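A quick note: this is a predicted structure, and the numbers were derived from the prediction, not measured.
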Amino acid sequence: DSMIDAAKFMLSWPKNIVPVSRGANSIPTATIVSIQEIILALNAMSMTMKGVANALNAYNSQRLQEMKAKIDDRHTAMKGLRFLTGLDRDKISINDPYLGISSTSDLINVLVSQEAFKSVERFQKSDLGKNFAPDVYALTALNIPTNADPRAYVPWLCDIVIPSLSTGNPLLESIRIWCCKAADNFDEENIVCGLDSSISLLKAVSKATARLSVAENNAFVHNPHINADSDIALDKPETPSDNSSFFSSFDSKFSIRSTNPRPTVLKVGMKGKVADNIIYSARKASFSTPMTPESISSSFFSSVSPATNESVVDNENEIAENDNVEIKLTRALRLRNARCLGMERNSLTLANYSNEGEQFIVKELVKCVLSQVATKSEKHSIDTVNKIRSYAIDVGASFDDAVHQYATELCDFNRN
């Protein structure tokens with residue numbers, strides 16, 4: 001028992017050391033240690049436990065071996081931290097979050113939470129990092145702070161993590177759901193670069209998923225020994241309608257329709273209605289919440305039975321659409337175009353886009369242009385109206401209905 005207690009202490013050392021106070025009014029001073037000292041101490045503890053375990057009976061030996069495995073895991077994690085020379089310093093304070101690492105999975109989680117994505121990539125490519133399954137890194141990606149700049153983690157997420165998965169892996173769907181939440185947050189809080197960051201992240205994840213789907217598709221084509229499941233079908237790509245050159249003034253790379261057709265992707269386990277001109281390029285799950293290790297089970301891969309209640313089906317479809325990267329990307333592009341035409345940001349955000357829709361946007365644009373008639377030239381007003389008409393056609397809304405809706409609202413307001 002004393003050996004197990006000592007091992008438990010070492011799992012938290014040196015963060016469990018009480019800071020030294022030099023006087024009643026003085027500020028406590030944290031004990032300073034180096035990563036190398038922690039590695040040596042853990043190694044010594046592991047060797048001691050190994051020797052003691054050999055002299056114990058089977059029951060006590062098993063308890064000691066289980067604790068030794070935890071010590072060895074932390075020892076490996078600290079060696080990985082030492083490998084990352086960009087993070088390693090001669091001495092670090094016990095308040096440093098890296099000293100709270102108790103296992104290799106903790107190391108990766110801390111690196112991600114501290115937004116040290118280049119260090120995660122270096123560790124993943126190291127001999128130590130190669131010992132872990134891709135799912136470990138994919139699960140950790142769900143802990144990326146939603147306010148982190150996507151330019152810092154997109155290379156790691158889209159070039160390493162997503163390609164290491166399969167389209168049937170539930171963690172891929174969880175990453176895509178997380179991506180949608182992060183995109184909503186960028187616009188809702190107007191942080192980093194706001195909606196532009198949302199578009200950049202969504203576009204990168206969508207492309208990475210498409211590349212993964214194409215790679216799997218090619219594997220089926222070139223390997224005759226692979227039998228496709230009955231619920232796997234190949235779909236020809238559909239591309240959303242193009243916007244006028246006016247809408248691509250910010251960045252032509254973000255235009256809704258590409259000059260080249262999107263590669264064929266796999267549709268796996270699809271159900272429910274599919275929004276017009278939207279391609280689902282990853283498996284849809286029976287739930288739309290981020291994954292945890294406990295929630296990953298074989299039942300995820302089973303087909304979802306049709307709902308008997310039509311309202312339940314509609315609700316599930318709405319949730320699925322709101323968490324779909326391609327749909328979210330199209331909405332983000334349309335929302336940015338609307339704002340370029342003059343719609344105020346507080347009229348609609350990406351997070352509540354699905355509650356209002358394109359017809360609402362066109363109505364708000366009509367409201368905006370009519371409210372500015374007195375301060376703008378006639379030519380400017382006519383040009384703006386023509387652009388709004390074009391926008392309405394592009395998004396499948398009615399300009400005339402929008403005018404009628406705004407007129408009704410105005411009359412109701414004046415009547416009250």
Side-chain angles (χ1 to χ4, degrees), residues 180 183-184 186-187 194-204 206-207 210 235-262 273-281 317-318 321-322 324-372 376 379-407 409:
C180 291
D184 285 343
F186 288 137
D187 185 49
L195 189 59
D196 289 328
S197 290
S198 303
I199 292 172
S200 297
L201 175 60
L202 292 165
K203 187 171 185 289
S206 178
K207 282 188 173 183
D235 260 4
K236 294 183 179 180
E238 298 178 9
T239 53
S241 60
D242 193 12
N243 278 333
S244 65
S245 59
F246 170 83
F247 298 128
S248 58
S249 59
F250 180 84
D251 187 349
S252 60
K253 293 185 294 182
F254 291 145
S255 61
I256 294 180
R257 183 177 66 186
S258 173
T259 55
N260 296 318
R262 181 175 175 178
K273 65 180 181 181
V274 179
D276 292 340
N277 298 327
I278 297 299
I279 296 176
Y280 285 68
S281 55
N317 286 330
E318 182 179 345
E321 288 181 8
N322 200 44
N324 180 273
V325 171
E326 286 70 36
I327 292 177
K328 184 74 72 173
L329 175 58
T330 300
R331 290 173 175 174
L333 290 165
R334 290 176 173 178
L335 182 58
R336 185 176 66 179
N337 294 340
R339 290 177 183 175
C340 289
L341 282 172
M343 188 181 77
E344 296 182 1
R345 184 182 174 279
N346 58 8
S347 297
L348 183 69
T349 62
L350 186 58
N352 56 27
Y353 188 108
S354 60
N355 297 331
E356 303 295 347
E358 289 77 11
Q359 191 62 46
F360 171 83
I361 294 177
V362 177
K363 187 263 295 181
E364 287 296 303
L365 289 173
V366 170
K367 174 182 176 181
C368 179
V369 70
L370 291 178
S371 65
Q372 297 176 356
K376 301 293 183 179
K379 182 180 184 305
H380 178 274
S381 298
I382 293 175
D383 288 344
T384 303
V385 168
N386 289 334
K387 289 174 181 177
I388 295 174
R389 286 183 181 274
S390 176
Y391 177 87
I393 294 173
D394 288 336
V395 301
S398 170
F399 178 84
D400 293 338
D401 288 348
V403 173
H404 180 265
Q405 289 169 358
Y406 176 60
E409 285 186 7

(request) Mind listing the closest non-hydrogen atom pair of Ala183 and Leu201 along with its distance? (result) N-CD2, 4.5 Å
(message) Is any side-chain heavy atom of Asn324 closer than 4.5 Å to one of Cys180?
(response) no
(request) Begin with the C-alpha distance, continue with both residues' side-chain angles, and end with the deciding distance and a verdict on side chain to side chain contact (heavy atoms under 4.5 Å, CB included) for Val362 and Ser398. (result) CA-CA 8 Å; Val362 177; Ser398 170; over 6 Å; no
(request) Step by step, work out the side chain to side chain contact (heavy atoms under 4.5 Å, CB included) result for Arg336 and Asp196. (result) CA-CA 8 Å; Arg336 185 176 66 179; Asp196 289 328; 3.1 Å; yes
(request) Please answer whether the main-chain N or O of Gly396 pairs with a side-chain N or O of Glu358 as donor and acceptor at a distance below 3.5 Å. (result) no
(request) Carefully, step by step, assess Lys328 and Asp184 under the rule salt bridge (Lys or Arg N to Asp or Glu O under 4.0 Å). (result) CA-CA 9 Å; Lys328 184 74 72 173; Asp184 285 343; 3.0 Å; yes
(request) Starting at OG of Ser347, measure out to NZ of Lys367 and round the result to the nearest 0.5 Å. (result) 6.5 Å
(message) Among residues at least two apart in sequence or on other chains, which ones pass side-chain contact (heavy atoms from CB on, under 4.5 Å) with Ser371?
(response) none
(request) Step by step, work out the side chain to side chain contact (heavy atoms under 4.5 Å, CB included) result for Met343 and Cys368. (result) CA-CA 6 Å; Met343 188 181 77; Cys368 179; 5.8 Å; no
(request) Taking side-chain contact (heavy atoms from CB on, under 4.5 Å) as the test, write out the residues that go with Asp383, two or more places apart. (result) Lys379
(request) Taking the side chain as every heavy atom from C-beta outward, state whether Arg389 and Asp400 have any pair of such atoms under 4.5 Å apart. (result) yes
(request) Measure the spacing between OG of Ser206 and CD1 of Ile327 and express it to the nearest 0.5 Å. (result) 11.0 Å
(message) For Glu344, is there an ion pair with Arg339 - N to carboxylate O distance below 4.0 angstrom?
(response) no
(message) According to side chain to side chain donor-acceptor pair (under 3.5 Å), who are the partners of Asn352, at least two apart in sequence or on a separate chain?
(response) Thr349
(message) So Phe360 and Asn355, do their side chains get closer than 4.5 Å, heavy atoms only?
(response) no
(message) Using the side-chain contact (heavy atoms from CB on, under 4.5 Å) criterion, which residues pair with His404? Sequence neighbours excluded.
(response) Thr408
(request) Enter the distance from Arg331:CZ to Leu348:CG here, rounded to the nearest 0.5 Å. (result) 10.0 Å
(request) Determine the minimum heavy-atom distance between Gln359 and Ala397, stating which atoms define it. (result) OE1-CB, 3.5 Å
(request) State, to 0.1 Å, how close Thr384 and Val369 come at their nearest heavy-atom pair, and which atoms those are. (result) CG2-CG2, 3.8 Å
(request) For Tyr406, enumerate each residue passing the side chain to side chain donor-acceptor pair (under 3.5 Å) test, keeping only those at least two apart in sequence or located in another chain. (result) none
(message) Under 4.0 Å between a side-chain nitrogen and a carboxylate oxygen: does that hold for Arg334 and Asp394?
(response) no
(request) Identify the heavy atoms of Ala392 and Phe399 that sit nearest to each other, and give their distance. (result) CB-N, 4.1 Å
(message) I'd like to check the side-chain contact (heavy atoms from CB on, under 4.5 Å) partners of Ala332; sequence neighbours left out, ordered by chain and number.
(response) Leu195, Ile199, Leu202, Leu350
